Structures are given as C-alpha cells and as structure tokens.
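Heads up, the thing below is written out as structure tokens.
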Amino acid sequence: MPNNSRQKVLGPVAALEDHVQPDWWRKIFNPLYLKTDGDVVSDPEITRREIELFLGLLRPGADDTMLDLCCGQGRHALELARRGYRVEGLDRSRYLIQKARAEAKNCFLCVRFREGDARKLPYGPDTFETVMMMGNSFGYFDNEHDDIRILEEIRRVLKPWGRILLDVTDGEYMKAHFQARTWEWIGKKLFVCRERSLSANTRRLISREVITDVNKGVIADQFYAERLYTGDEIMDLLKKAGFEETTNNGDLFTQSMRNQDLGMMGKRIVLTGRIRKQWTPKKAQKGSKHVVVLLGDPQKPDPLKPFSVFDDDDFYTIDALKSALNQLPGYVFTYLANHETLIADLQKIAGRVHMAVNLCDEGFDNDPTKELHIPALLDLLKIPCTGAASQCLAFCYDKSLVRGVAKEMNIPVPEAFLVESEDTSFHLPFDFPVIVKPNFGDSSFGITRESVAWTHEQLICAITMIREKLGYDKPILVEEFLEGKDLSIGIIGNPLTSYTVLPITEENYDDVPESLPQICGYEAKWLPDSPYYRIKSVPARLEENTERFITECCMKLFERLGVRDYGRFDWRLDKNGNPKLLEVNPNPGWCWDGHLAKMAGYGSTSYTEMLQAILHAAEQRIEHAAMSAAPRQTSPAPESACMATAG
C-alpha cells in the first residue's frame, strides 16, 4: 500500500508489460483503489442493480449458502445479507476485508469475511450452493493455469448441483475498444492519468495508473495486467473444470455517475454454470452411527417415470437428499443404488450397520410390485430399517383392500366397485361422475384427465385406455369422483412412542383450466408441460371438526395397517363437505419438494429436520421393540414365603 508522500515516477516507458510485477494484485487494492474506482465500486445503486440481475439468473433458495469470492470491500455480499441471504466473503486484500468487516458491524449484518487466496480456498468440500466472482475479479494471474485452479477450487467447495457465476470483462470488446491514454479528476484533489497497451501476445491488457495529489504530487505509479477472455474461452475453461449447463447470459454495461474512464468495468459478460458431482465422503467421527440408504437403481428402466428413465430432476432430488442427510450430526451415510449387487452388498454389511433408511420406493429392480421385497430382504438379514414392513406395503398397494379395512372401521370412503380383467359388462351402482384407477399401484400410475368420466361412453374409454395403452390386466377400481377439497395429511412417528401430525395440505387448482377435471394425477407429478403441473399445494382451511375427524381416522389407520415411522393419507371432501378416504401411503415420497416435505414446511420444519424426525422415529420404534422383546427379570421370592408355600 503506497504512503501519502511523493513517490518516484518512472517517466515515459517503452513497454508497459516490462514493469508489471507477477503479484501486482497484492498491493493495488488499497484506499486509493476505492477512490479511483469509487464511481463503480462504491455506488450502492450500481450494486443493487447488479445483485438484482445475478439473483434473477441464479434463483437461489432461501436457505442456500453463498460465497462472494474476491469480494473486495464486500459490497455485493453485504447487499445479499440485507436481502436475507446467508453469504460469506473472501478476498486477498487485508485492507478491503477490514473495510468489509467494519461495514458489516456498522450495519448489524451477519457476514463472515476472510482473507485468503482464491487458488486455495479455506473451506471444506461441498460447502456452498453458489459461488460468485463479481466485479471483474477473474484473470489477474500471469499463468492461465492459475485461473483454472480457481475454477477447480470453486468446484470443490460447491455442493452437488451448485451454481457458479462469473462477471468478467468482455475481452473481445476490450481488445478493440480500450483507451490507450486517458486522464480524469477524482474529486478536487486527485488527478489520474492512465496508459494502456496489449501484451506482446495480445492475451492481456496492461495498464499504468499515475495518481497525483494537488498538494503532495505523485502518490502512486502502478502497473497491472488482466487477461482478456472471450465468452467462449471462459465457457471452455468452465467445462475443463467440470462445470455443465454453462451459459453466457449476455452483456453488462456499467452506468457510472461520473461516466469517465470505466476501463475494464465498462462492458462485462455474465456467465453461469452448474456442477454435477458426487458428495465428498464424510469422515466418520468416533461414535458415529453407520446408516445405509437404499435407493432406486438409476441404471435400470423405471416404468413409472416418463420415458422410463431417471432424468436430471431425479438426480437433483437424490443429491438434495444427500445434502440434507449430510447435515445430520452423529451419522455416516452409505448409499446403495445398484440393484444388481444389492443383495450381496447388504449381506456384507449385515450386523455392521446401525440401520437402513429404505427410500427405495421404486421397488427392487425398479419394479413397483417388488417394493415390499426391500424390507423383507432387510428383515431376513436382521438389518432394522425405516418405514413400513412388507405386509403393510402389500396391503396398501391394493386400493380395494384398504377401502375394505376402512369401511370395517367405519371410516368413510367413496362409493366404488371393481371391474375384473375378464368382465365384459358391469352395472354402475351410483351416479356419475366417476374416476377410473388401476386397483394396484402408486405414484398416480394410470390416473390422468381421461380417468374422469361423466358418461358411460367416457367410462368405457377410460377402462380401455388403462387396459390397452398401459397394458394393465389387473382389476380396475371405478370410484365415485368427489369434487370437494383435495387433501393430504402426513404423520411422522409411531403411536407407541411419539408422533407428529403435520399440517393438512390442500391442492389449489386455480391455475388449471376450468374445463379440466380437478385431479392431482400422473400429469401433475411427471409432465411439466401439462396444465396440471401448475397445481399448487397450500395449507388447507378446514372446519375444526372436519380436521379433527380426519386426524383421528388417520391415526387409527396408521396403527391398523401397520404403517411405521411416517405415512401420508389422501382424502377428499364430497360436494356437501364430508371427508372420505382415498388412499393410504406408507413410505410416501421423501423428495425435497414432495407433499410430505411441503406439509412439514407449513409447520416450520425444514427438509433436513423432516428426515431427521423420520430417522429418530425409526430408532425409537426399534429400541422400544427390543425392550419389549427382552425377557423380564423376576426377583426371587422371600425365603419365608418359599417355606410357607412348601409347607
């Protein structure tokens, strides 16, 4: 950092490049930098506009953690903190970091600022959802390899599916439009002269800045160099570092109030990318519980998914799960998803793991009829697991059977009848409209807008569609179609230990055309282009008596059907507001944006907390069962009593 006394000036130089120090960036970001570039880096309105743009591109979640890399005096990080985001800042300049810390303290903002080198970040792997390098902070080093090292470090500290944003000078534009010589007044006391030229290889722009104080004379004569990347070149660097979905989001023009020499900040480009990677294995701490997590096999076809394959949304959902579980203290998680080796893999770890988290709702080999095989296999290997046992899964896979149990318990269900595969005619014992469903299955398999019928012709078409288009030859359930509120209720826990009833959710059909039947079926869950994909889940507004009745019925069914640890129950009101049970879902969808997670969110329970609650519910149940099965210790009778009995 230069002192405020007269400094020796080199005078005219033949080649600016000869006077650039490799580590020029160590000294130049000082109080003078905030004055000479203050029209850009100290203008809060410019910062607000830039943050608006960047947030629009990244769309971060409310709980995401961000890193403002090469944050300078923290202008972007502080603005993000004002908007409620969790953000940290890192920069090489001690002076600028001290300024950032002081400003955060003065504004009562919780932002951690650290001094460090972008080529060796002081963070662990998988730390941030987003890393941003803003304000043209990329391309300072002599060697392009160092720029790649920065991107590789960003890749390391990003979580799977994390996002990067780079805001850098448009090198192609700057080569053609840089100003070789400029001068300008900074306030009434500082006078700045600048010289610029391209490096010998034309890959960098060399700048010289001579700063004169009207009272003290020349106080700085400094040289610096920045690499001139085109948008395509940075995209290539991002791909080399392992980023995907790289996008050049266009130009960013700086609008300075002073509007004089903007230099490298005049025209920039904004690039984004996403990282796909595996979670870094978590080191086991002493006393950690080893838990194995069972998932569907992404290498095998899945008949319930569009095109029968796992897509990006599925992989994002799996990584969101791993991210949430990774935050739970006291556990180490191993993931098994290869069903070709699943049995052998489980045999190897039997007796060596704390428990299994069964999230394989696709079923063994991604066969939904084999969902019950997973807990059966775990039971045979004596590996305790979360969720329902095989018998419960078998019961609830059969909608008609669940209806029969409910009716036996005086729990209301819609009117319905079964159409067997051999039936060629049938009698409709109640009025239209009706809804036609496969009797066996889940994930809304076979339930679309064509499933709702108002006439006999539509009913025949709906049955034919399930039989012929889906190749389903099992019984078909024809059910009274209820047109009242569409409800779901979730329960986490177990009746014999402790449990939580989650807030009831209701499907909002306001954005679905009125001409379509109001159903949350296959299209709503799997087809983004369908109007049903616009359905929103919202907290239900019900009369107190109705809510109490639904809750009591769900608790009875939870226990009667053998649901364990967590479950979801689907209900619908008829036109008179009477609730009727539709389905029972043991081991319901565990994904971050599923119904169960939304219901938990209504009660201010995060996704991570929801998963932790399921895990704890299973542990409590397993411990309670072990205690109940243990033989009771009986105290021997007093000697006198024994003698009396003998006499």
Side-chain angles (χ1 to χ4, degrees), residues 399-400 402-419 426-439 444 446-463 465-466 476-490 503-525 530-532 534-554 556-557 568-585 595 598-599:
K399 296 181 179 67
S400 180
V402 171
R403 287 172 46 81
V405 172
K407 290 174 73 173
E408 177 190 272
M409 299 172 68
N410 294 318
I411 294 173
V413 295
E415 295 291 327
F417 68 95
L418 282 177
V419 178
F426 52 83
H427 169 67
L428 182 64
F430 47 86
D431 294 332
F432 287 103
V434 299
I435 183 168
V436 181
K437 310 174 182 178
N439 184 56
S444 298
I447 302 176
T448 68
R449 69 185 80 180
E450 285 84 14
S451 299
V452 179
W454 277 268
T455 66
H456 286 89
E457 291 76 12
Q458 291 176 345
L459 174 56
I460 296 298
C461 288
I463 294 173
M465 186 272 293
I466 292 175
I476 289 175
L477 185 67
V478 180
E479 193 174 70
E480 169 192 9
F481 180 62
L482 306 177
E483 300 182 74
K485 292 186 176 185
D486 195 347
L487 309 169
S488 283
I489 180 171
I504 300 176
T505 187
E506 174 186 347
E507 303 304 335
N508 184 302
Y509 293 94
D510 287 351
D511 293 332
V512 177
E514 292 184 5
S515 58
L516 297 177
Q518 294 188 353
I519 56 167
C520 187
Y522 187 86
E523 295 156 298
K525 298 177 182 178
S530 168
Y532 284 106
R534 304 174 201 151
I535 296 173
K536 297 181 180 68
S537 297
V538 299
R541 299 177 62 182
L542 297 171
E543 293 183 2
E544 185 178 342
N545 290 341
T546 301
E547 185 170 342
R548 186 187 306 114
F549 175 78
I550 290 175
T551 301
E552 290 174 354
C553 290
C554 290
K556 292 176 182 177
L557 286 164
R568 197 188 80 236
F569 300 78
D570 297 338
W571 291 73
R572 193 143 191 179
L573 305 186
D574 65 16
K575 60 184 178 182
N576 297 317
N578 300 311
K580 296 185 179 182
L581 175 75
L582 299 182
E583 292 186 29
V584 175
N585 298 277
H595 278 93
K598 289 175 182 175
M599 286 185 272

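Everything numeric in this text was worked out from a predicted model, so none of it was measured. Counting from 1, the numbers follow the sequence of the chain as shown.
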Side chains of [X] and [Y]: does their closest heavy-atom pair fall under 4.5 Å?
X      : Y      : result
Trp571 : Ile411 : yes
Gln518 : Arg572 : yes
Lys485 : Pro579 : no
Pro412 : Asn578 : no
Leu487 : Leu542 : yes
Lys580 : Leu482 : yes
Pro517 : Tyr509 : no

Minimal non-hydrogen separation, Leu516 against Pro531, with atom names =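 Of all heavy-atom pairs spanning Leu516 and Pro531, the closest is CD1-CG, 3.6 Å.
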
inquiry  = To check you understand the geometry: which heavy-atom pair defines the closest contact between Ser530 and Arg449, and what is its length?
reply    =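 Result for this residue pair: OG-NH2, 3.9 Å.
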
Excluding sequence neighbours, so at least two apart, what forms side-chain contact (heavy atoms from CB on, under 4.5 Å) with [X]?
X      : result
Pro429 : Phe417, His427
Glu583 : Lys399, Lys437, Asp570, Asn585
Pro503 : Tyr602
Ala462 : Val436

task = Tell me, with the steps shown, if Cys553 and Leu581 meet side chain to side chain contact (heavy atoms under 4.5 Å, CB included).
result = CA-CA 9 Å; Cys553 290; Leu581 175 75; over 6 Å; no

What is the distance from atom [atom1] of [X] to atom [atom2] of [Y], rounded to the nearest 0.5 Å?
X      : Y      : atom1 : atom2 : answer
Ile550 : Leu573 : CD1   : CG    : 6.0 Å
Glu483 : Ile519 : CD    : CD1   : 12.0 Å
Arg403 : Glu415 : CZ    : CD    : 7.5 Å
Asp431 : Glu480 : CG    : CD    : 9.0 Å
Phe569 : Ile504 : CZ    : CD1   : 11.5 Å
Ile535 : Asn508 : CD1   : CG    : 9.0 Å

For [X], check salt bridge (Lys or Arg N to Asp or Glu O under 4.0 Å) against everything at least two apart and list the hits.
X      : answer
Glu514 : none
Glu544 : Arg548
Lys598 : none
Asp574 : none

request  = Give the intermediate values and the outcome of side chain to side chain contact (heavy atoms under 4.5 Å, CB included) for residues Ile463 and Phe426.
outcome  = CA-CA 12 Å; Ile463 294 173; Phe426 52 83; 3.7 Å; yes

Which residues satisfy the side chain to side chain donor-acceptor pair (under 3.5 Å) test with [X], sequence neighbours excluded?
X      : answer
Glu507 : Ser537, His595
Lys536 : Asp511
Thr448 : Glu450

task = Might you work through the side chain to side chain contact (heavy atoms under 4.5 Å, CB included) test for Leu582 and Glu479, ending with a clear yes or no?
result = CA-CA 10 Å; Leu582 299 182; Glu479 193 174 70; 4.0 Å; yes

ask   = Counting N and O atoms only, with roles assigned by atom type, does the side chain of Thr505 sit under 3.5 Å from a partner on the main chain of Val538, one being a donor and the other an acceptor?
value =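 Yes; judged by distance alone, with no hydrogens or angles, the pair exists.
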
Cut-off 3.5 Å, no hydrogens considered: what does the side-chain donor-acceptor table look like for residues 452-461, sequence neighbours left out?
from: Thr455; atom 1: OG1; to: Gln458; atom 2: N; distance (Å): 3.1
from: Gln458; atom 1: OE1; to: Trp454; atom 2: N; distance (Å): 2.7

